[in-house]
Amino acid sequence: MTKTLLKISGLKVAYGGIQAVKGVDLEVREGELVTLIGSNGAGKTTTMKAITGSLPLAGGDIEYLGKSIKGQGPWDLVTQGLAMVPEG
């Protein structure tokens with residue numbers, strides 16, 4: 001069995017009173033390539049920003065290398081090897 005690198009459970013993200021992401025579950029294991037696909041406004045960038053600490057979670061949890069990273073900022077996560085490189 002391969003090692004789980006990233007595990008997202010029940011991820012919720014809101015902008016004020018607007019729920020942008022509503023309960024995403026995702027698991028990435030060592031050696032896998034995973035993509036988020038969806039139309040404009042579907043929450044792909046919002047999900048990535050929440051995973052990398054740029055947006056606060058409204059609910060759920062994120063584990064990186066077996067430890068919860070909920071509430072950590074991007075500056076903390078980049079030192080652990082987790083970062084987002086946006087297009088453009």
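For this chain, numbers begin at 1 and follow the sequence in order.
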Evaluate the side-chain proximity of [Y] to [X]: yes if any heavy-atom separation is below 4.5 Å, no if none is.
X	Y	result
Ile8	Asp25	no
Met84	Ile51	no
Leu5	Leu65	yes

### Query
Under a 4.5 Å side-chain heavy-atom rule over Ile, Leu, Val, Met, Phe, Trp and Tyr, are Val34 and Val21 clustered together?
yes
### Query
Within a radius of less than 6.0 Å around NZ of Lys22, do more than 12 heavy atoms belonging to other residues, nucleotides or ligands occur?
no
Closest approach of [X] to [Y] (non-hydrogen atoms, all atoms of both residues):
X	Y	result
Ala14	Ala58	N-CB, 4.1 Å
Lys12	Gly23	CG-N, 3.6 Å
Gly53	Pro74	O-CD, 3.1 Å

### Task
Begin with the C-alpha distance, continue with both residues' side-chain angles, and end with the deciding distance and a verdict on side chain to side chain contact (heavy atoms under 4.5 Å, CB included) for Lys70 and Leu57.
CA-CA 8 Å; Lys70 187 175 181 176; Leu57 307 185; 3.7 Å; yes
### Task
Drop me the distance from Ile62's CD1 to Leu6's CG, to the nearest 0.5 angstrom.
7.0 Å
### Task
Just grab all the side chain to side chain donor-acceptor pair (under 3.5 Å) pairs involving residues 28-44, residues at least two apart or on different chains.
Glu27-Arg29
Give every donor-acceptor pair under 3.5 Å between a side-chain atom in residues 75-83 and any protein atom, sequence neighbours left out.
| residue | atom | partner | partner atom | Å |
| --- | --- | --- | --- | --- |
| Asp76 | OD2 | Gly73 | N | 3.3 |
| Thr79 | OG1 | Asp76 | O | 2.7 |
| Gln80 | NE2 | Gln72 | OE1 | 2.7 |
| Gln80 | NE2 | Asp76 | O | 3.3 |

### Message
Less than 3.5 Å apart, any donor N or O on the side chain of Ser68 or Asp61 sitting next to an acceptor on the other?
### Response
yes
